[in-house]
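Throughout, a chain's letter reflects where its sequence line sits, starting with A, and its residues are numbered from 1.
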Amino acid sequence: MTAATPSVARPRMRMIPWRAPVAVVAALVISYLVIANAAGAQAQEQFINALTIGALYALIALGYTMVYGIIELINFAHGEIFMCGSFVAWWLITTMGFTGTIHDLPILVIVLVVVFLVSMLVMGVVGVIIERFAYRRLRNAPRLAPLITAIGVSFILQNLVFVGISNSIVKVPQLIPFDLLQIGPLAIREINLFVIVFAVALMIALQLFITRTRLGTAMRSTAMDREAAQLMGVNINSTIAITFFIGSALAGAAGVVQTQYLGNTVFNIGFQSGLKAFTAAVLGGIGNTTGAAVGGFVIGFLEVTSSVYGIGRWSEAIVFGALVVVLIFRPNGILGQQLADRA
Amino acid sequence: MTVAVAAPAAPNPTPSPSTLLRLSGVNTYYGRIHALQGIDIEVKQDEIVTLIGSNGAGKTTTLKTISGLLHPREGTVEFDGKDVTHTAAHELVKEGIAHAPEGRRIFSRLSVRENMLMGGFTRSASERAEDLERGLTLFPRLRERLDQKGGSLSGGEQQMLAIARALMSRPRLLLLDEPSLGLSPILVQQIFQLITEIKRQGVTILLVEQNALQALAVADRGYVLQTGKVILADTAAGLAANPDVRRAYLGEI
């Protein structure tokens, strides 16, 4: 998969327009062939499964990479934001009284919009609050201080859910049908189609926001040179807050996806998934939003592939092994880091 | 474009009476380091004022204190009659202070266009489009580079971009920190020509320069800083003629 991505030289050249799509298509074809080689008749289903799980990791990874890009903090609490998002979804769905699949499309759409919006909004606000009270004061402190704080926040959130909601796996009603849809030669379950399309749409929207809007450009400027951005008239505090809001909202969305695709959640899910999503962010090139998305899909693919090949127990070893191998040859990740300018 | 004008020889070359910027008894600290020790500086409307002094004298700190990147522990900064001592840097941009910092600080992964537009961050989209055009007329070199990444420009082009970007906020006061640093003599000439051109367009300039000779040639008045204090204040011509200044900062023996 890594071989298919464009090998951009160190002084980052501008992407030639055709290279990115070609790389994506090639990566998809190669990963499909790798899965098909072992999965046989289930090839298509497993391939789509890999994309779905990849989309989930990608959504979480974006928050890690955005926060790291702008304040160079590994926000260890980010996995917990994802976990809390899944519990918001669980709470909403059960209080609204749903117990299973909704077959009435308009109702399904309305419920999904409500669940996603509320979860994203709530987690976005939680992210902003965490930044405001836990990290902001430490912005100029030695880097270890906010890092430890982040771990502390992570424990607080985990334990709040552990004590306040449940200490074991919670089943969440899956609202979206698992029915197979036949789209041309492609057989895909509705849930998978939804997750992939939804996640990709969010990522495209994010990319457009970051690259095309005034606020997005302010975010990138702040990530590159905070002081210079201030001199342009950018309010650093609110820009960082917005970054936390967006990253956390995406994690909230990922939390909903988790409950809807896998049908359950648990208080410590944020640790495992968070760690893998963080790996995805590093794999893709920390600070680089496109890289985080790519890294997410790479990890989804590695996980599913290892289970297809009957070595699912080794999936974590394979994921982190891949990280090691990639970092040996491309220390800045697949697409390269995008961090602050060093004077 | 005008050639760098020689400093007026008249004893009092400051015709405009209105004070745009006034620092009174400013003390600024970097942690425990007492960087500015009671600085008094005044900049009048339509002037070019230069700060000269050796490394570590407090020139950059003075500019950072004015633009709000640092706040003084004692003393006041007044801009256009308003006390802005504790105003945040991003607010001061709206007030009309632009700061082209030392080392250019171009956003290296943003295009030249994006860099310019960031300079006009506080302004509306239509104003930004208009000012971009105006800036590109003043700096034609940047027009050719519009879609290149800021980091790919040469040092001289980056300095032009830094100044052009600062002008995008339509400042009344422009703070320039070492605009000629690391540039070839020809580019240094160009930069100083631009500085006089910018002044002609009605922007007041506070200029920090290592190149004291050039700075005094374009400036109306100047202050000499040494270890965080103003040790001398005079007209530019007066400073250029001062034997102590000539010995210490203009390289005369």
I need the [X] [atom1] to [Y] [atom2] distance, nearest 0.5 Å.
| X | Y | atom1 | atom2 | value |
| --- | --- | --- | --- | --- |
| A/Arg226 | B/Leu69 | CZ | CG | 12.5 Å |
| A/Gln230 | B/His99 | CD | NE2 | 11.5 Å |
| B/Arg105 | A/Met232 | CZ | CE | 9.5 Å |

When you measure from the side chain of B/Arg109 to the backbone of A/Leu339, do you find a donor-acceptor pair of N or O atoms at a distance under 3.5 Å? yes
Side chain proximity check, [X] to [Y], heavy atoms < 4.5 angstrom:
| X | Y | value |
| --- | --- | --- |
| B/His90 | A/Val234 | no |
| A/Arg214 | B/Leu117 | no |
| B/Lys64 | A/Glu227 | yes |
| A/Leu231 | B/Val93 | no |

Heavy-atom cut-off 4.5 Å, strictly under: side chain, backbone, both or neither for [X] against chain A?
| X | result |
| --- | --- |
| B/Arg128 | side chain |
| B/Ala89 | both |
| B/Leu110 | both |
| B/Ser108 | both |
| B/Leu92 | neither |

Please state whether the side chain, the backbone, both or neither of A/Ala218 comes within less than 4.5 Å of a heavy atom of chain B. both
Cation-pi check, A/Arg220 onto B/Phe107 ring (under 6.0 Å, within 45° of axis): no
